[in-house]
Structures are given as structure tokens and as C-alpha cells.
Amino acid sequence: MSNFIAYILLGLPFGCVFALIAIGLVLTYKTSGVFNLAFGAQAFAAAAVYYVLHVRHGWPTVPAAVLAIVVFSPLIGLILELAIFRHMRTASPLAKMVASLGLLVAVPQMVVLWLIGVGKPTFGVRGIWWDDTAVYHFFFDTTLSGKDMAVIVSTVLAVLVLGALFKWAPIGLRMRAVVESPRMTELSGINADRVSAFSWMLSSLFAGLAGVLIAPYFASLGTGQDFITLLVAAIAVAAFARLRSIPMALLGGILLGVIQGLLQGYLPPGSLLAQYLKPALPFAALFLLLLFWPGLRTALQSKDPLAGVDPPVLPPAAADRGRGMTIATRTFGIGVGIVMFVLAFTVMNDHWIGVFTQGVIFSVIFLSITVITGMGGQISLAQAAFAGIGGYGTAQLVQVFNLPVLPTMLLAALLAGVVGALLAIPTLRLGGIFLSLGTLAFALVFSTVFVQLGWVAGGAHALNVPRPGGLANDKPFLVYCVVVLIIVSFLVILVRKGTTGRYLDALSGSETAAQSIGIDPRRSKIVAFALSAAIAGLGGSLLAQFYTTVSAATVEYTYVYGLFFVVIVVTLSARTVEGAINAGLSLVIIPEILNFFGLPYGLTFILFGLGAITYARHPEGILESQKRRSMEFLEKHVFRTKKATADDGSGPPSTNGADRVPVATTGAAD
Amino acid sequence: MALLEARGITKRFAGITALDDVSIDVDAGEAVGLIGPNGAGKTTFFNCLLGILRPEAGSVVFDGRDITRARIYKRARLGFGRTFQRMELFAGMTVREHLLVAERVRLGTGRLWKDVLNLSAPTAPERERSDHTLALLGLEDVADKPVEALSLGRGRLVEVGRALMTEPKLLLLDEPSSGLDSQETEALAGTLREVQRARGTAVLLVEHDVEFVRSYASRLYVLDFGTLIASGNTQAVFQDEAVRRAYLGEMVV
């Protein structure tokens, strides 16, 4: 019995932290419709502020914690709301999620660069309890340490304050009203903006509290990875609460922590199960909850009675680019490609050839995002995992079956495609942000569990991957990669032009209308998923051949890169093949440029992370919209073509959508 | 045996009975109207027929097959065509592309490997059929324009055309006149009549516009508070006292 209680207590502090972040997730989702993936990063930022103040500047714990939790964290929340999310009210939930994804990628790097300092130690932060190591005895001979007490007591206090706020304070009542319907609330004279700002501050405070409380449990703050992983556990809890109920979020968090504690206690230490089940539990829980928890799907649908008054969310600009623009971008793209190619064989040294090759390989991987996001309209966060399946698959098939590498690459891509289809079948039921979260859960299980297994990534030893015969040197290998990129590019263009692409276009134009003519949405999207996963697998295999070894430590296959891949492609342009190639080359060239100017590598993540925030405004990508703008400028001022009227349809496509037929319906009815 | 037989459709929302035991028939080639005041349950009934909502009780039999539980796209393949009250077109596609996509779905010849081998371009018979529908609806002049450039009235014709390409046995029109002015409405009614004559498609029409229904439908069902209060020949229904009270009365004021 005493063991049982002890194990429960072991998991309780973590459960409290899960609950705090989950409450923040539910709160912001309910009041502003944003599923804020950046809370993990915010928790990390608060922990870093606390650390810097306490350890480096010698502040006592309490003022340092108060500043980090009560001043810094709400301020960050307020800034995010004012600068970003307030302007995204009418954006799709997916666009909001992409913005928070960008923050998740950018914020930890900002913290490391500008707060902690690259490579500086972050060891040994202590908790806010007056005596961290104090041991408190309870019934059944169980004990809690000072830092455990800090977590539990703070969580209880925070939840009590929140409950009182909802029950008695006017702002609490308003928050509850905004949850029901922001517009209705505004009609009755309440400033929904102010309420939303307040709830962002409040939920960010909870994230900051979680960060400061959990920091002492980590040996070092590091780069924030541990905090992001905590966040994922909190996502599972938020799903358990159906994104609605704060008490359920509290309960779910504690439950998850306690189950983890029990697993850790009862599973024989060192056994396979203990090694893999415990770390995988939150992700597995997330995955299972997403698939089987009833009521989650209905929670997604907007219940706002006035939701219909908003203009419908614009679909990403599909085929509406002018002929001139297509020709101009193609000519420019091919020109740049040829110049690069010639340079590669004349003046470039080995280093630059390597950079260029990597850029080409990333372009191949990014074309998978062109398929799933640009054509399929889904945000998959598992593309790096599919690349990993391609890479590890190639390595293992070559080793186990002694096959030559070229057919192996295709087999590995096929394997990734099959896994993609299998992942798509259950997650497509969810749709929207939950589909993305499902893919994230898969990517996490892949990075934290599968990659650790010997038969996947070789365990302690790196796996050797041969290059195809005659391509051992870097120059011919570059040619080979370019050839693969060209083939895959044409493949993507053909599929987009073909029936599959048309069906997907129809589905993203209007899913109900597409179904009304007999298009099976699930089938089309499963095809898109499988194709996309196969392309990612192909790119991952190329990457493995480029490195000639892969191991569990290959970063490009980790879920963090999966997030980053989506962010970078979506920022530039997920709609076009050039977008993917631009993204691939940017990913390798921007760090070189930064390096040239003596700037740190992490800035790449920050640039693209913050860039992703623009996704809501330019769903077609920054590059695409800038190109369009400069094309319009050229037409207007240089060629002086007459601006065509909207009626004959040859005019430049408007980006505000006011004259689109589907939108005009409401206008004309008024 | 009627083409469409909906029997005893009952739908409740959180205790409120939106539809109570509603049954209708539509025969092949016939134009039937479904009318009723606001909130009578017309759209709910429509959505139950189309599979967007699942009724608590009742059955829908179409062309001799029970489709009560069939998915939306399956119903489309069995011969349901529809238009939307709030226009639902595919952004970024031209008028012709709308029709060609629907034609490809009907034929079911789209394959990923054909895309990859560049064999997915519209075939000559596909083009011919889409040209035929364009001519029927008078959309030839805008065939290669993106749908964003169209007026609302012609946008609705594109919806009709897209539905016709699937060779529906029954066309379900959800308030086709909504958002159109009287001239456009008249033109639409004329075109629909022509379509019905040329293709022999049955039509079930949910409509607010009394004039439009009176001139177009040969038979009517009247819904009020979720129950059928009258049905029959259009002229007879408009004479019906209960209908006048429930529905027309408020229009005459």
C-alpha cells in the first residue's frame, strides 16, 4: 500500500504541471480559438528568466519567481495576443495553429540566443520552496521533497484562484460569455478584445508557472526540448478535457502524471517496457484519445450562433496566378538552377557542393509538404518521421537483404507511403487541428520510441548507407540528387494537374460540394497522405545516402525538424514546386549567410518561425504573394497594361476575396 | 414505385423535434416543391435526404435502394445532384473545369498512375459532354473564366451544370433563387425547365419564392413546424386553407 501511494506521489508533481499547461491550452482555445502550441516554449522562457535572475544575478528565489511568473509570462501572453492572434480572429483554426507552431519553433531559440546565451551552462536551478531538499513525511511512510511541495501547493493555489475568478469576478463571467460567442458578447457591450487579452495573460501565467515549477526537475534547462515534450503531454490532457472543461483538464493532468508514476514504480527497472512505455505514455495517450475519445469531434465544430456572419475563410490561392507570372518565375527558376549547376562544377569547393546537395535533398523532402499541405490542405507534422522511415529503411534493407541501394530507396519510399496511408486512415476522421496533433503524436512516438530500437536506427551503432555505384564522389552525387529532384518535381506537377490534384482542389474549394458530385474525401486525402509520405521517404533516403551513415542521433528525422519543415515551407510557399525548392535551398543557404556575418545558426529558426505568423494573411506563402505583388506592380507601371475589370475575369485575382462568387452570396443577399 | 421515397423522417435536436414523421415521394422526371415558412424544417429535411444529417427515425429509399445510412458521396454516385443555398463553387477553377471534374467523377476513371503518366487530360468525349452542358445552360461565353468572375445568377447555373454532369436522376435544389433578383430568377426557372425537358431529370425544390415555386413545380409538399400540413397538385395546395393560414397568410400581409 505504501508503495502504491509513493508511486502516486512520484507522479503527482508532473501531473500538476501537465494540468497547468493543459488549463492554459483550454483557456486560450476557448476564448480565442487558438490552440497555442507555443505554451511549452513560453514555459521554457519563464524558466529561463527565473534561472538567469536567480542563478546568474543572485536574486532570491521568490522575487525571481514572481517576476518570471507574474510579470514576464503574462507580458509575453499580452504581446502575442496584441501583435499576432488578435488579428487572426477570423482566420481558420489551421492558420492559427501554424502561427503558434512558428512561435514554438522560434521562441526557444530566442531564449537560448538572447536570454541564456548559446553554450552557456544552465545547471542546477533550485525550486521556489525555502528548502528544496527538505523531506516531508506523510501517512503510510510516504515522503515528498520541497520541490514537490512547491509544485503541488502552487497548483492548488492557482486552480483555486482561477475557480474564484470564474465564480465571482466580473472578468471571469465575461470570459465565460466570450467562450460561448465572442460576437454575441460584443453585441451586449463587452469588449471581447479585452477579455481575450486577459485570458491570454492568464493562460500564459499558467504556462510560466508550470515552467518555473518544473525547471528544478531537469538537470539542465538545455535548449528547451524537455519543455516542449511536456507540452505534448499537456496536449493529450487538453484532448482529454475535450478542449472545453477546465476541471477535466486538471483531472486529466493529474491522472496522466499519476499513471506515469505508477508505471515507473511497478514496471521492472531496465525492462523494455519501462524503457519505452513510460516516455511514450503521453504520446500514446494523445494518439489513443484523439482516435477514441467521444465528443472530441463535436468539440471542433464552432458552436458560435453568430459564426455565420464572418466572411468564410479564403481557400489558399490555387491556380489564380497569371500566365505572365508563371512564365517569369519558371524562367527565373531554371536560370538560377543552371547558374548554380555550372558554379557547382567550376568554382564551388567541397563545402559548397555539400551545402547545395543538402539543399536539393531538402527540396525533395519539402515537395512532400507541397503535396499534403499545398494540394491536400492538411498540415502534417510527421514529414520528418516519414523521411526517417525512408532513411532508416534504406539502411536496414541494404544491410539485412544486401540489396543494391537504388531499388532499396524506392522500397523505403514505398514503406513510408504505406505508413503514411495507415496513419491517414484513423487521423482523417478527426480533421483540422486534431489531424495535425495526431501526426505530431505519431512523430513523437517515432522519435522517442521507434528510433531507440535497434531494428530501426541500429541502436548504439550508426548504420552505414552506401551510395549508388559510381556516385561516391560529391559532384556526381549532386547530379544524381538533382535528377531525383527534377523527377519528383514533375511527378508533383503531373499529379496536381491530373485527376488527383483536381479532386483535391475541389475538396479544398468546398468539401460539401465536392462530395455532392461524388468525390470520396477520405480516399483522395489518403492518396495525398501516402504520396506525400512516400516523397518524404525518398528524400530521407537521399539524405541518408548523402551522410553515408544514419543513427538514432540523426536530427533531421526528429519531430522538431518535422515542425520546422512545415513552418519553413508554409512560410515561403506550400502551393508551388518552386516554393518547396526555395525552401530547401533557403534552409541550407541562410545559415551560411548568417555564419558569414558572424550570426548564430539559431537565427534561422527564429526567422522562419516568426515568418510562419504571416501564414494567416498569405496562405499561399510570402514568396508567392510578394511575387504576385511585384508582378502586378510591373504590369501596372512598366508594361502599362490596362487593368482589366473584375467582370471579364482576366483581372489580377484579388486577395481579399470580396468579389469571389462564394463570398458575394452574402453581399448580394443583404 | 417512386424514384425517391422518404418515409417517416424524424429528426430531433436536443429535445426539439425539428421533423416529425415526414414522408414524401418524388417520381422520375417530376418537379416537386417543398415549401414552408421560416423554421419549418425544410433545410433539415433536405439535409436528412442528402446524408448531411442522420434522422432518428425513418428511411430514405432511392431508386429501389435503401440509402438512409449511405455516405454523402455515395448518394451522389447513385444519382443525387444538388445545388447550394449559399454558393459552393471550387475557388480557382474555371467553369469548364467544374464540369470536367464532375464528369471525371461520374466516369470513375481517375487514377494516380494515370496522373503520373500524364494521361489525365480531358478526353474528347468528356469535352464534348461538357460543351453540351455549357450550351444547355448558356454558359459558353464564360466557359474558360474562373468562377470568381461570374455573377451570382450564372454562378448558380454553374452549380446546376456541375450537378448535371453527374447525370443525376434527381436534382435537389436548395433555395435556388436566394440572392438572385427577379430577372435572374426568371431566367433560372426557364433554364431549369429546359434542363428538365432535355434530360428528364426529376427535381426536388426547396424554395422561399412563392412565384418561382408556383411557376415551376407541378406538385407541392408544405411543411410547418416539422410536420407536413398539405401536399398535392400545386394549384390545389395554394387553395388549401391550412396552407394559407400557416404560410401564405404572412406573405400576403
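Order of the sequence lines sets the chain letters (A, B, ...), proteins ahead of strands, with each chain counted from 1. These numbers were taken from a predicted model, which means no experiment stands behind them.
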Next on the checklist: For B/Arg162 and A/Ile517: C-alpha separation, side-chain torsions, deciding distance, then whether side-chain contact (heavy atoms from CB on, under 4.5 Å) applies.
Outcome noted: CA-CA 8 Å; B/Arg162 181 178 63 188; A/Ile517 56 170; 3.6 Å; yes
Item to check | side-chain contact (heavy atoms from CB on, under 4.5 Å) between A/Gln515 and B/Arg71, intermediate numbers included | outcome: CA-CA 9 Å; A/Gln515 290 187 69; B/Arg71 307 262 291 272; over 6 Å; no
Checklist entry - side-chain contact (heavy atoms from CB on, under 4.5 Å) between B/Lys114 and A/Thr499: does it pass, once the steps are laid out? => result CA-CA 8 Å; B/Lys114 287 188 187 166; A/Thr499 313; over 6 Å; no
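If you tally non-hydrogen atom pairs under 4.5 Å between each of A/Asp520, A/Thr512, A/Thr500 and chain B, the highest count goes to A/Asp520. Between chain B and the options A/Val492, A/Ile519, A/Ile493, A/Leu507, heavy-atom pairs under 4.5 Å are most frequent for A/Ile519. Highest contact tally toward chain A, considering only B/Arg82, B/Glu97, B/Lys74, B/Arg75, is held by B/Glu97 [criterion: heavy-atom pairs under 4.5 Å].
Both the backbone and the side chain of A/Val495 come within less than 4.5 Å of a heavy atom of chain B. For B/Glu159, no part lies near chain A; criterion is any non-hydrogen pair under 4.5 Å. For B/Phe84, the part lying near chain A is the side chain, with the backbone staying farther off; criterion is any non-hydrogen pair under 4.5 Å. Proximity to chain B (any heavy atom under 4.5 Å) is shown, for A/Phe490, by neither the backbone nor the side chain.
In terms of heavy-atom proximity, A/Ser510 sits nearest to B/Phe90 at O-CE2, 3.7 Å. Listed here is the closest heavy atom pair of B/Glu88 and A/Ala513: O-CB, 3.5 Å. Of all heavy-atom pairs spanning A/Gly518 and B/Ala76, the tightest one is N-CB, 3.3 Å. Nearest heavy atoms, B/Ser120 versus A/Gly498: CB-CA, 3.7 Å.
To the nearest 0.5 Å, the span separating CD1 on B/Ile72 from CD on A/Glu511 amounts to 8.5 Å.
Other residues, nucleotides and ligands contribute more than 12 heavy atoms inside 6.0 Å of the CD atom of B/Glu5.
No donor-acceptor pair closer than 3.5 Å links the side chain of B/Tyr73 to the backbone N or O of A/Ala514.
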